[in-house]
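Note that the structure is predicted; figures quoted are calculated from it, not measured.
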Amino acid sequence: MTRQEKLEYIASVYMKSMWQKAYGVISDAHEAEDVCQEAFIKIIRIIDEIEDVSEPKTRALCNIIAKNTAIDFARKNGRAAPTEDIYLDLESEPETKDTPEQNAESKEALKVIEEEIEKLNESYRDVIKLRCLYELSAEQTAEILGCNANTVNIKLTRARKQLKERLRQRGFDLQE
């Protein structure tokens, strides 16, 4: 799929949910449209990093970008930006030849990890998703979140530490 085709797909399929995320933060229809245009520009900058635009994680990425762009917009205009949870629905299954029991255990482990990521502080949750799930660089993540790369790396370290502790509490045996 070409860059243009990817962008057209995102614009036609995800723009409505992006607008809803933006509107949920700033509560103004026209300003939500402006925010979506700014968010789309950010997506253009990272479009080459997105392999399959039809994956659920791409929708989540677009929504995170729209939400954070709206929060930045609200802050710049002196408004309090409400926080909103972004839920990530990962339905892509790894292609393996594991037994049904192993597949069930893997799916359950993935579900627990997703639950624990969702329980993280919002800024940690966004950083861990952008850096680990979408495999964006610290600089790309910093641009999306409106901070610097050092802040991204610090938040990622802290998010991983919290996530490991939460998973240990749920019985996962994690190696250091």
Side-chain angles (χ1 to χ4, degrees), residues 1 3 6-29 31-77 79-92 110-111 113-160 162-163 166:
M1 189 175 262
R3 292 182 86 221
K6 289 179 184 180
L7 292 169
E8 288 173 3
Y9 184 90
I10 289 170
S12 65
V13 177
Y14 302 143
M15 195 57 75
K16 182 177 180 181
S17 67
M18 290 171 61
W19 181 88
Q20 290 170 337
K21 296 298 177 190
Y23 183 81
V25 172
I26 57 178
S27 301
D28 182 285
E31 290 176 345
E33 290 174 10
D34 294 341
V35 164
C36 284
Q37 290 176 2
E38 285 182 47
F40 198 73
I41 290 169
K42 291 178 181 180
I43 292 168
I44 290 170
R45 292 183 186 135
I46 62 166
I47 194 67
D48 293 328
E49 307 294 325
I50 301 172
E51 291 180 23
D52 185 359
V53 293
S54 64
E55 289 183 350
K57 70 179 188 177
T58 303
R59 175 186 293 272
L61 173 64
C62 292
N63 287 339
I64 288 171
I65 292 171
K67 178 198 68 163
N68 284 311
T69 304
I71 289 170
D72 290 344
F73 179 88
R75 287 180 183 148
K76 286 177 188 174
N77 291 297
R79 298 185 199 161
T83 59
E84 172 189 5
D85 289 333
I86 299 283
Y87 295 97
L88 182 58
D89 182 19
L90 293 178
E91 294 180 6
S92 59
L110 181 60
K111 181 180 176 188
I113 292 168
E114 289 174 6
E115 289 172 2
E116 292 304 324
I117 288 172
E118 291 303 325
K119 292 177 184 176
L120 292 173
N121 156 322
E122 182 179 21
S123 66
Y124 289 176
R125 185 173 60 234
D126 288 347
V127 166
I128 209 163
K129 287 178 182 179
L130 293 171
R131 291 283 285 131
C132 299
L133 183 63
Y134 305 112
E135 299 176 356
L136 298 180
S137 69
E139 291 77 18
Q140 291 169 320
T141 301
E143 184 178 337
I144 290 169
L145 298 178
C147 60
N148 66 52
N150 289 335
T151 302
V152 167
N153 290 331
I154 290 168
K155 286 183 178 184
L156 180 61
T157 300
R158 291 176 181 169
R160 285 178 173 162
Q162 279 188 12
L163 184 58
R166 289 175 181 269

In Å, rounded to the nearest 0.5 Å, how long is the span from CD1 of I65 to CD1 of I43? 4.5 Å

Which atom of A66 lies closest to which atom of V35, heavy atoms considered: O-CG1, 3.8 Å

Is a salt bridge present between K57 and E51, judged by a nitrogen-to-oxygen distance below 4.0 Å? no

Which pair of heavy atoms, one from L136 and one from I144, lies closest together, and at what distance? CD1-CD1, 3.6 Å

Quick one: pull up SG in C36 and NZ in K16 and give me the separation to the nearest 0.5 Å. 12.5 Å

Roughly how far, to the nearest 0.5 Å, is CD1 of I71 from CG of D126? 7.5 Å

Please, which pairs that meet side chain to side chain donor-acceptor pair (under 3.5 Å) have at least one residue in residues 36-46, sequence neighbours excluded? K42-T69, R45-E143

Of all residues at least two apart in sequence or in a different chain, which pass the salt bridge (charged side-chain N to carboxylate O under 4.0 Å, His left out) check with K111? none

Over all atoms of both residues, closest heavy-atom pair of R131 and A138: NH1-N, 3.4 Å

Say you draw a straight line from CD of E114 to NZ of K129; how long is it, rounded to the nearest 0.5 Å? 9.0 Å

Whether Y14 side chain and L61 backbone form a donor-acceptor pair below 3.5 Å: no

side-chain contact (heavy atoms from CB on, under 4.5 Å) evaluation trace for I26 with N77: CA-CA 10 Å; I26 57 178; N77 291 297; over 6 Å; no

R166: partners by salt bridge (charged side-chain N to carboxylate O under 4.0 Å, His left out), with sequence neighbours left out: E116

Tell me every residue that passes salt bridge (charged side-chain N to carboxylate O under 4.0 Å, His left out) with D48, counting only those two or more places apart in sequence or in another chain. R3

Please evaluate residues L163 and I117 with respect to the criterion side-chain contact (heavy atoms from CB on, under 4.5 Å), reporting the C-alpha separation (whole Å), side-chain torsions for both, the decisive distance (0.1 Å), and the verdict. CA-CA 7 Å; L163 184 58; I117 288 172; 3.9 Å; yes

Closest non-hydrogen contact found for A29 with Y23 is N-CE1, 3.6 Å

Taking atom CG of N121 and atom CZ of R158, what is their separation to the nearest 0.5 Å? 10.5 Å

Pairing residues for F40 by the ring pair (Phe, Tyr, Trp, His ring centres under 6.0 Å) criterion, not counting sequence neighbours: none

Can you give each donor-acceptor pair under 3.5 Å made by side-chain atoms of residues 146-156, sequence neighbours left out, with the distance rounded to 0.1 Å?
from: N148; atom 1: OD1; to: N150; atom 2: N; distance (Å): 3.0
from: N148; atom 1: OD1; to: T151; atom 2: N; distance (Å): 2.8
from: N148; atom 1: OD1; to: T151; atom 2: OG1; distance (Å): 3.1
from: N153; atom 1: ND2; to: A149; atom 2: O; distance (Å): 3.4

Could you go through I47 and I10, starting from their C-alpha distance and side-chain angles, then the distance that decides it, and tell me whether this counts as side-chain contact (heavy atoms from CB on, under 4.5 Å)? CA-CA 10 Å; I47 194 67; I10 289 170; 3.6 Å; yes

Give, for atom CD of E115 and atom NZ of K119, the distance between the pair rounded to the nearest 0.5 Å. 6.0 Å

Exam field: side chain R125 to backbone E118, donor-acceptor pair closer than 3.5 Å: yes

If every non-hydrogen atom of S54 is compared with every non-hydrogen atom of Y9, which pair is closest and at what distance? CB-OH, 3.5 Å

